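All values reported here derive from a predicted model rather than from experimental measurement. Nothing fancy with the numbering, it's 1 onward along the sequence.
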Amino acid sequence: MADDLTTSLVSGAIRFTGLGSGTDFDSMVTKLLEVEQTHTKRLQSWRSEWEAKSESFDTLSSSLLSLKTTLDAMDTPDEFLIKQVASSDSLTLTATAGSSAEESSHQIDVVALATNDMHMGSVIFSSPDAVISGGSAGTFAFTIGSRQVSVDVNATTTLSQFANLINSDPDNRNSVRASVINDGSGYRLQIRGMDLGAGNDFIVDDASTSANLLANFSKNRFVQTQNAGNAQLRVDGFPVLPPTQTAEILKATVSGKSGTDIVSASGGTFKFAYAGNIRTVDIAATDTYADLAANINAAVGFSMASVADVSGNLEMTLTGQAGSGNQISIINAPGTTIAELQERNFAQMQGATDGYIERSTNSISDVVTGVTMNLASTGSTTLTTNLDADAVTENVRTFVDAVNTVLQEIKDQTQVTTVGSNVSGSILTGNYGLQMIQQKIKNILAQKGLGFDYDMDAVTSLGAVGITTDTSEGSPTFGLLTMDESAFSAALTSNSEAVARLFSADFYPSTKEIVGGVAVESSNFKFDSYLEGITGAGDFSVSYTVGAGGNITSANINGYAAGIDGNKIVATGDGNSAKGLALEIMNLTAGTYSGQVQIKSGKAAELSQEIKKLTDPLTGTLEILKDNYQDIMDSIDDKIAYEERRLELMERTLRLRFANLEAVLGTYDSISTQLSSQIKSLPGSSS
């Protein structure tokens, strides 16, 4: 009996029927436990409140990250300051405009498009599976631009296999593409240069191609169907017709050599392509640089090469004949074997042109400032560029709406509601962390931009372009940004570049010094460079001293000693937000000079960077608050678990006690029944 009772207690299986005593002990236990659960319910309610607060931070974090995405899409001038450009003849060219495009009109004459080199084999094969090498192995050699390619074939290589070998050759690097074309009469090998522009010529190297392949694939066995050429333009009447052709001029400097020095004691080769032909100049072991120049001139039939001794070094100059088709392409090793005369060592001093504005591409972005032209055909068109004020205004509306979404979220979470004498708060009313986040955002919105200067910048704050905070209590937009579109339109019309910088300055530099009490751009120093990801935006003080010898003796940027490198000073120092900023000193007259340098960051980037800090998964304010709340919830969970264990033990204890009581009452009830029965059985008792 005792063992059964203990087992039932441990298993929690004790239940009361009330048959022994007529008392519903089970209901009594239930009611007693309900009374004891009051504290647990209070803890659970408290935990729900903290969980709701944490979820509110999740909602705010999501809103902030959404705002950051919006800001990141407009944090550079090209993204914010939308310019539009129209072409009067879109069949000739189309164009796109960046933020630096000037509002203007340009007459564009497309004289020629940039083209690639195309050759069709003149030999017709009966099948793509026809063997091409006459039953013997061999090598097919060609040049493309400055690259030399040699393709080995075997005795059974077919036409289609040959095309695949050319395409897959590692030295080719997809500079040319070979195809087998059926023109109706049979199969031909087509070779296409993949790069546009003059000088990217495909030329069969007959001297290096095996004899058994020359019958079908020598240079004269290909018909040039299109020549690699440059795009040619006239812009606003330039060049004046007829244009004057120019010649390509290349120059290499060989240190410590002169024209009388031997090129290479072991001999070698100088190989180049010119006007569609390959020239190979052999260099004997006794040849000097002057000899090499003479041999180059003999190879081309005119005075192309010259050498000169300059400051103890040798200068070799190659000058082609005038005209866009007269490009000089030095063939790299294994073509040219002399290291000092490889193509990389020659600098182009002048390009070969037909006298027009020429480029090796049909997408041209460096002729009309800020405009990328995409040439489609020859012809004439007028490009008209202007500010797309509607698009810029829409960008600002998007900025305001996205910011207000976050501000409204914070407003809703901290709202205090008064109804009569009843005052109630929202879930995060009075939360210090949320107040801190709100204040950081408001400060960025209200203050002048990072690196902006009241003296030097026409626009320094959002208020200057009609964006302010509604301070009218009771207004539905109280605490949110409002946009005066007429004021913004006036600011945009007056100085669109200044407005764009306020929102999207991407480390835009400027300098300042005071001359005669007036702030002006510094004439003593200028911005040189900064280190991306290291240098911060801001307004930094600058000072430096020049000694009697014209050397910088000391320098200081943002309160830290600066490094000195010739006529440049560089910000250094851990903790220096200007670190990595380099300035070029222009005034090296003896004396001490001072001023300021500004590195501007637009409001979009400034706010985005702050959001990045606030939402950082490790160190962000929101994450720290959520971690604190989770610690509180974990503590409450521990208390709830303790209470649940206490109630479980209490229930077992109560059930054990009442089970014992039930047994005792049952025993006494049995005794009572027996006594009653015995009494009734006594003589004289009534039944």
Sidechain-backbone polar pair: [X] side chain, [Y] backbone, donor-acceptor under 3.5 Å:
X	Y	value
Ser48	Gln44	yes
Thr38	Val35	yes
Asp457	Asp453	yes
Gln413	Ser56	yes
Thr493	Ser489	yes
Thr398	Glu394	yes
Ser608	Ala604	no
Ser88	Thr382	yes
Thr393	Ala389	yes
Ser66	Ser62	no

Anything under 3.5 Å between a donor and an acceptor, one on a side chain of residues 533-543, the other on a protein residue two or more places apart or in another chain? List them.
residue : atom : partner : partner atom : Å
Thr535  : OG1  : Leu531  : N            : 3.1
Thr535  : OG1  : Leu531  : O            : 3.4
Thr535  : OG1  : Lys579  : O            : 2.7
Asp539  : OD1  : Gln596  : NE2          : 3.2
Asp539  : OD1  : Gln598  : NE2          : 3.4
Asp539  : OD2  : Gln596  : NE2          : 3.2

Out of curiosity, [X] [atom1] to [Y] [atom2], how far, rounded to the nearest 0.5 Å?
X	Y	atom1	atom2	answer
Lys626	Met633	NZ	CE	9.0 Å
Ile552	Thr545	CD1	OG1	10.0 Å
Ile444	Ser461	CD1	OG	14.0 Å
Asp506	Arg501	CG	CZ	13.0 Å
Ile108	Leu383	CD1	CG	5.0 Å
Lys639	Arg646	NZ	CZ	14.5 Å

Considering non-hydrogen atoms only, spot the tightest contact between [X] and [Y] and give its length.
X	Y	answer
Leu407	Gly479	CD1-O, 3.8 Å
Asp366	Arg359	OD1-NE, 3.0 Å
Ile585	Leu588	CG2-CD2, 3.8 Å
Gly547	Ala590	O-CB, 3.5 Å
Asn362	Ala114	OD1-N, 2.7 Å
Ala561	Asn556	N-ND2, 4.1 Å

Hey, is [atom1] on [X] packed in by over 12 heavy atoms from elsewhere, all under 6.0 Å?
X	atom1	value
Tyr530	OH	yes
Lys568	NZ	no
Tyr642	OH	no

Using distance alone, with no hydrogens and no angle criterion, decide if [X] and [Y] have a side-chain donor and acceptor under 3.5 Å apart.
X	Y	answer
Glu103	Thr385	no
Ser99	Asp78	yes
Asp616	Thr619	yes
Ser363	Thr361	no
Ser475	Asp470	yes
Thr589	Asn587	yes

Just to verify, what does [X] make a ring pair (Phe, Tyr, Trp, His ring centres under 6.0 Å) with, not counting sequence neighbours?
X	value
Phe399	Phe503
Phe525	none
Phe527	none

field: Thr381/Ser87 under side chain to side chain donor-acceptor pair (under 3.5 Å): CA gap, chis, key distance, verdict
entry: CA-CA 6 Å; Thr381 187; Ser87 172; 2.8 Å; yes

Side chain to side chain contact (heavy atoms under 4.5 Å, CB included), paired with Val465, selected from Leu492, Val499, Asp484, Val396: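 It is Val499, the one option of Leu492, Val499, Asp484, Val396 that forms the side chain to side chain contact (heavy atoms under 4.5 Å, CB included) with Val465.
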
message: Using the rule side chain to side chain contact (heavy atoms under 4.5 Å, CB included), only one of Val406, Asp412, Ile410 pairs with Gln408; which is it?
response: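 Of all the options given, the one that passes is Asp412.
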
task: Could you please spell out the steps behind the side chain to side chain contact (heavy atoms under 4.5 Å, CB included) verdict for Val367 and Ile357?
output: CA-CA 8 Å; Val367 172; Ile357 298 172; 3.9 Å; yes

task: Could you walk me through whether Val546 and Asn551 pass side chain to side chain contact (heavy atoms under 4.5 Å, CB included), step by step?
output: CA-CA 5 Å; Val546 179; Asn551 297 320; 6.0 Å; no

- prompt: After noting the C-alpha distance and the side-chain angles of Arg397 and Asp401, does the key distance pass the salt bridge (Lys or Arg N to Asp or Glu O under 4.0 Å) rule?
  reply: CA-CA 6 Å; Arg397 290 195 195 104; Asp401 290 345; over 6 Å; no

message: Any carboxylate oxygen within less than 4.0 angstrom of a Lys/Arg side-chain nitrogen, looking at Arg47 and Asp637?
response: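 Salt bridge between Arg47 and Asp637, a charged N being under 4.0 Å from a carboxylate O: yes.
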
query: Is Lys600 salt-bridged to Glu497, going by a charged N under 4.0 Å from an acidic O?
result: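 Salt bridge: no.
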
message: Under the ring-ring contact (aromatic ring centres under 6.0 Å, His included) definition, can you give me all pairs with a residue in residues 436-456, not counting sequence neighbours?
response: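 ring-ring contact (aromatic ring centres under 6.0 Å, His included) check on residues 436-456 returns no pairs.
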
query: Applying ring-ring contact (aromatic ring centres under 6.0 Å, His included), which residue pairs with at least one partner in residues 551-607 are found, sequence neighbours left out?
result: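 Sorted result for residues 551-607: Tyr544-Tyr593.
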
message: With side chain to side chain contact (heavy atoms under 4.5 Å, CB included) as the criterion, how do Asp388 and Leu81 come out once you've worked through the C-alpha distance, each side chain's angles and the decisive distance to 0.1 Å?
response: CA-CA 8 Å; Asp388 190 344; Leu81 191 60; over 6 Å; no

Check against salt bridge (Lys or Arg N to Asp or Glu O under 4.0 Å), Glu584 and Lys526: CA-CA 5 Å; Glu584 180 181 350; Lys526 66 179 181 179; 3.8 Å; yes

- request: Let me see the working for Thr372 and Ile364 under side chain to side chain contact (heavy atoms under 4.5 Å, CB included), right down to the final yes or no.
  value: CA-CA 5 Å; Thr372 298; Ile364 302 173; over 6 Å; no

field: Working for side chain to side chain donor-acceptor pair (under 3.5 Å), residues Thr40 and Gln37
entry: CA-CA 5 Å; Thr40 301; Gln37 285 175 344; over 6 Å; no

